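Everything below concerns the one structure shown next.
Just so we're on the same page: letters track the sequence lines, and every chain starts at 1. Remember, it's a predicted structure, so these values are computed and weren't measured experimentally.
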Number of protein chains: 2
Amino acid sequence: MRVKSQLVGLPEVVESDLVRQVARSLSAAIVEGRLRPGTKVSEAAVARELGISRAPVREAARLLENQGLLRASPRRGFFVRELSAAEVDELYDLRICVERHAALAASCRLTQKTRAALREQLALMDALARADDPAACIEADYQFHRMIFEAAGNSRLLRVFDGLSSELRVVIGLIGRLYDDPMKLARAHVPLLEAIEAGRADTILAEVDHHLGVARREVGLLVQSLSTGAALP
Amino acid sequence: MRVKSQLVGLPEVVESDLVRQVARSLSAAIVEGRLRPGTKVSEAAVARELGISRAPVREAARLLENQGLLRASPRRGFFVRELSAAEVDELYDLRICVERHAALAASCRLTQKTRAALREQLALMDALARADDPAACIEADYQFHRMIFEAAGNSRLLRVFDGLSSELRVVIGLIGRLYDDPMKLARAHVPLLEAIEAGRADTILAEVDHHLGVARREVGLLVQSLSTGAALP
DNA sequence: TAAGCGTCGATTGTCGACAGTTTTGGCTTG
DNA sequence: CAAGCCAAAACTGTCGACAATCGACGCTTA
């Protein structure tokens, strides 16, 4: 026991942690596409813009480097990570691997509560698709998959997913309005959830493979079109 | 193309990167068991001992935090990560998931060269076991598994493994001489390699499950005995 | 005219310092 | 003698500054 006297677990101090704030800020800028892949991220500039010193910025940059959002080039600074088509393929390869596991585990441990939450999330996606808000729809998509990993009940597995998706979002953030059909995106998740609810292992695996296989192809095409210099909104 | 004119590939400048040096130093101290789980890692103390300022130490600590070796407690400093039995179970759950994938992929892409390297590694383990050097044997064990991930040809998958094993090594580093039978450890890997060489998917999966299942149990027992305050060398 | 070299500005890597907070040790008190 | 409180020390979080290094621009030269 390291805790001397634990009262009720109430306080949960709001982390004023400047480093994490900076990390979130930068992360958001990257994911939202305001910082394009390949862009140099100057410590001094960020520090000036945020009105703080360079030390917290540096640490935040290290954090994002380890998360795969930034690439550190010694003595030259940090750059927004660029993803080649091959790397996207790697990411999806790994993602299929872990998401199969997550979906199976989630199916085993599925509670009434999480089942309802998952259904609600799909309804949200559908609503956002109807409202023609692709960005929010993609965010909801991400959350849906993340909920599956949460339901799997393995925090390390969830961490891998977070790492993966933060890398992927460097690219996916660029999709925005480009996404052709949000409705299709929303509907594509229904059979996956149904398979998880049904609890048949082979069906679940097939659905995950299919769902992510499609995503892998589409994101792959996107990246390819990006690297050939297609126009962006 | 970013390189203007590539001469022969000679230079390979030694990275003076102080941060990584510190990270390696701390990492080694933790893995080798000189820094026990739960121990506070004082920035000032480390900086003094290494004869440098606190800034690089701070950044290295952040790095190790993100790697799972340290735990950051705001305003209180960094502590060597402690692993509960449940967390070790989580780690092995994830590891089985990714190692199944890695073993399958490695089997598909197996070249003559990597096959020879894997066999050599097993021979090395055997030799170390005969020489009664459990620490080196464990290191060789780790390297063998890492080589499988390398052979799989997915750098992200490898990164997950590195993350996993760095967390596990916090515990495993404490085993040292406690390990009961190094020879058993060395021999246990033979069928796994043979399965990979044979290239039969179901056999590979079964071997991975068996091999890691055993390891999971043994490490789990170790952690349990640690938490009950068993003596250590 | 084009290629190579040297210099200048800008940026990173590292340092020491200061303010605020946590911990520790001793002291008081029941 | 144990528990609680108070003050001092130690430590973290952040800052501004300096030296070393990198990239760019202009100059020299074949």
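Between the P atom of C/dT22 and the CZ atom of B/Arg75 lies a distance of 7 Å, rounded to the nearest Å. The interatomic distance linking A/Arg48 (CZ) with D/dC15 (P) rounds to 15 Å, in whole Å. Distance, B/Glu43 CD to C/dT14 C1': 15 Å, rounded to whole Å. A/Glu65 has its CD atom 14 Å from the P atom of C/dT12, to the nearest Å. Regarding A/Phe78, its CZ atom lies at a distance of 11 Å from the C1' atom of C/dG13, rounded to whole Å. In this structure, B/Leu50 atom CG and C/dC15 atom P are separated by 10 Å, rounded to whole Å. In this structure, B/Lys40 places its NZ atom 9 Å from C1' of D/dA10, rounding to the nearest Å.
Under the ring-ring contact (aromatic ring centres under 6.0 Å, His included) criterion, A/Phe161 pairs with A/Tyr142, A/Phe149, sequence neighbours left out. The salt bridge (Lys or Arg N to Asp or Glu O under 4.0 Å) test applied to B/Arg146 returns B/Glu150, B/Asp162, not counting sequence neighbours. Under the rule for a side-chain contact (heavy atoms from CB on, under 4.5 Å), the partners of B/Glu87 that lie at least two apart in sequence or sit in another chain are A/Arg156, B/Arg81, B/Leu83, B/Ser84.
A/Phe78 is not listed as a side-chain neighbour of A/Arg71, based on a closest heavy-atom distance of 4.5 Å or more.
Taken residue by residue, residues 51-64 of chain A places heavy atoms nearer than 4.0 Å to DNA chain C at A/Arg54, A/Arg58.
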Would you give me the side-chain donor-acceptor pairs under 3.5 Å for residues 95-105 of chain B, sequence neighbours excluded?
{"unit_1": "B/Arg95", "atom_1": "NE", "unit_2": "B/Glu99", "atom_2": "OE1", "d": "2.9"}
{"unit_1": "B/Arg95", "atom_1": "NH2", "unit_2": "B/Glu99", "atom_2": "OE1", "d": "3.4"}
{"unit_1": "B/Arg95", "atom_1": "NH2", "unit_2": "B/His145", "atom_2": "ND1", "d": "3.3"}
{"unit_1": "B/Glu99", "atom_1": "OE2", "unit_2": "B/His145", "atom_2": "ND1", "d": "2.5"}
{"unit_1": "B/Arg100", "atom_1": "NH1", "unit_2": "B/Asp209", "atom_2": "OD1", "d": "3.1"}
{"unit_1": "B/Arg100", "atom_1": "NH1", "unit_2": "B/Asp209", "atom_2": "OD2", "d": "2.7"}
{"unit_1": "B/His101", "atom_1": "NE2", "unit_2": "A/Asp93", "atom_2": "OD1", "d": "3.3"}
{"unit_1": "B/His101", "atom_1": "NE2", "unit_2": "A/Asp93", "atom_2": "OD2", "d": "3.1"}

Only distances under 3.5 Å count here; give the side-chain donor-acceptor pairs of residues 47-54 of chain A to other protein atoms, sequence neighbours excluded, each with its distance to 0.1 Å.
{"unit_1": "A/Ser53", "atom_1": "OG", "unit_2": "A/Ala55", "atom_2": "N", "d": "3.2"}
{"unit_1": "A/Arg54", "atom_1": "NE", "unit_2": "A/Glu43", "atom_2": "OE1", "d": "3.1"}
{"unit_1": "A/Arg54", "atom_1": "NH2", "unit_2": "A/Glu43", "atom_2": "OE1", "d": "3.2"}

